[in-house]
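Read the numbers this way: they start at 1 and go in the same order the structure lists the ligands and their atoms. The model shown is predicted, which means the values in this text are computed figures rather than measured ones.
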Amino acid sequence: MIEPEPSGERLQKVLARIGVGSRRTNEILIAEGRVKVNGEVAILGARVDIDHDEIEVDGAILTTMPDVVCYLLNKPTGVISTADDPQGRPTVVEIVPSEPRVFPVGRLDADTEGLLLLTNDGGLTHRLTHPSFGVEKEYLVEVSGKPSRAALRQLREGVELDDGPTSPASVAAVGETGIRITIHEGRNRQVRRMCDAVGHPVVRLVRTRIGPLIDPKLQPGSWRQLDQDELLALQRAVSRT
Ligand code: URA
């Protein structure tokens, strides 16, 4: 009797093609039980249909849908991060391609510069912005005056804002008037209000990292698509396992 051709593509090959790792690395990932297909731990040699099967690596579901896009933008000052503005100011969505329609992941103030994601993946947006996932955001802040060690400690330990105390943050002085501050909350104007609260108003605020994503070479006003490694790193950062 002639056996029918098995359908689908070998899992390790699919993982390699979408940039998870080399074939050998993927074989190890599978052998270690770190890959699931449709919720079940996958076995080496399993065949999958990339368009229909849900593939998970280390708890992060891989985005393989070709219509999902995710752009990393270096937002310049003066551009607002809502989808449209009643006052007619330029918006971030006007900088990136208009099709497919994407939305900013969270917000940066008009005066804030730096990294901002735009995507049409609502699930990813939710996980990146929901405080329970605690994705880190790092900012380089130039403040007025030279913050004392006590002021830096206060920022680090948490300051009292009108919507409650801030969670512990990672804070380091950069030169005389610079502060690198990493938070995992995303309250309105949070960094500005924290710096106000310790007596050092913000002069310039730049977001330099979103979870695993950095790009010091991306110029203000420029954007690019995330590559597969970055998408995977992002999905890992928002997975709960
Ligand atoms: N914190 C702020 O104060 N503003 C931003 O745009 C982002 C974080």
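Between Pro76 and Ile95 the shortest side-chain heavy-atom distance falls below 4.5 Å. Residues Ser144 and Thr177 are not in side-chain contact: their nearest non-hydrogen atoms beyond the backbone lie 4.5 Å or more apart.
Under the side-chain hydrogen bond (donor to acceptor under 3.5 Å, both in side chains) criterion, the residue pairs touching residues 190-203 are Asp109-Arg192, Thr112-Arg192, Asp162-Arg193, Asp163-Arg193, Glu185-Gln190, with sequence neighbours excluded.
For the atom pair Arg207 CZ and Ile183 CD1, the distance stands at 8.5 Å (nearest 0.5 Å).
The side-chain contact (heavy atoms from CB on, under 4.5 Å) test with Val191 singles out one residue from Thr166, Ile181, Ile179, and that residue is Ile181.
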Does ligand 1 have any N/O pairs with the protein under 3.5 Å, and how far apart?
from: ligand 1; atom 1: 1 (N); to: Val191; atom 2: N; distance (Å): 3.1
from: ligand 1; atom 1: 3 (O); to: Arg189; atom 2: O; distance (Å): 3.2
from: ligand 1; atom 1: 3 (O); to: Gln190; atom 2: N; distance (Å): 3.3
from: ligand 1; atom 1: 3 (O); to: Val191; atom 2: N; distance (Å): 3.2
from: ligand 1; atom 1: 3 (O); to: Arg192; atom 2: N; distance (Å): 2.9
from: ligand 1; atom 1: 4 (N); to: Asp109; atom 2: OD2; distance (Å): 2.7
from: ligand 1; atom 1: 6 (O); to: Asp109; atom 2: N; distance (Å): 2.8
from: ligand 1; atom 1: 6 (O); to: Asp109; atom 2: OD2; distance (Å): 3.3
from: ligand 1; atom 1: 6 (O); to: Thr112; atom 2: OG1; distance (Å): 2.9

Check against salt bridge (charged side-chain N to carboxylate O under 4.0 Å, His left out), Arg209 and Glu138: CA-CA 5 Å; Arg209 180 168 65 86; Glu138 182 185 277; 3.5 Å; yes
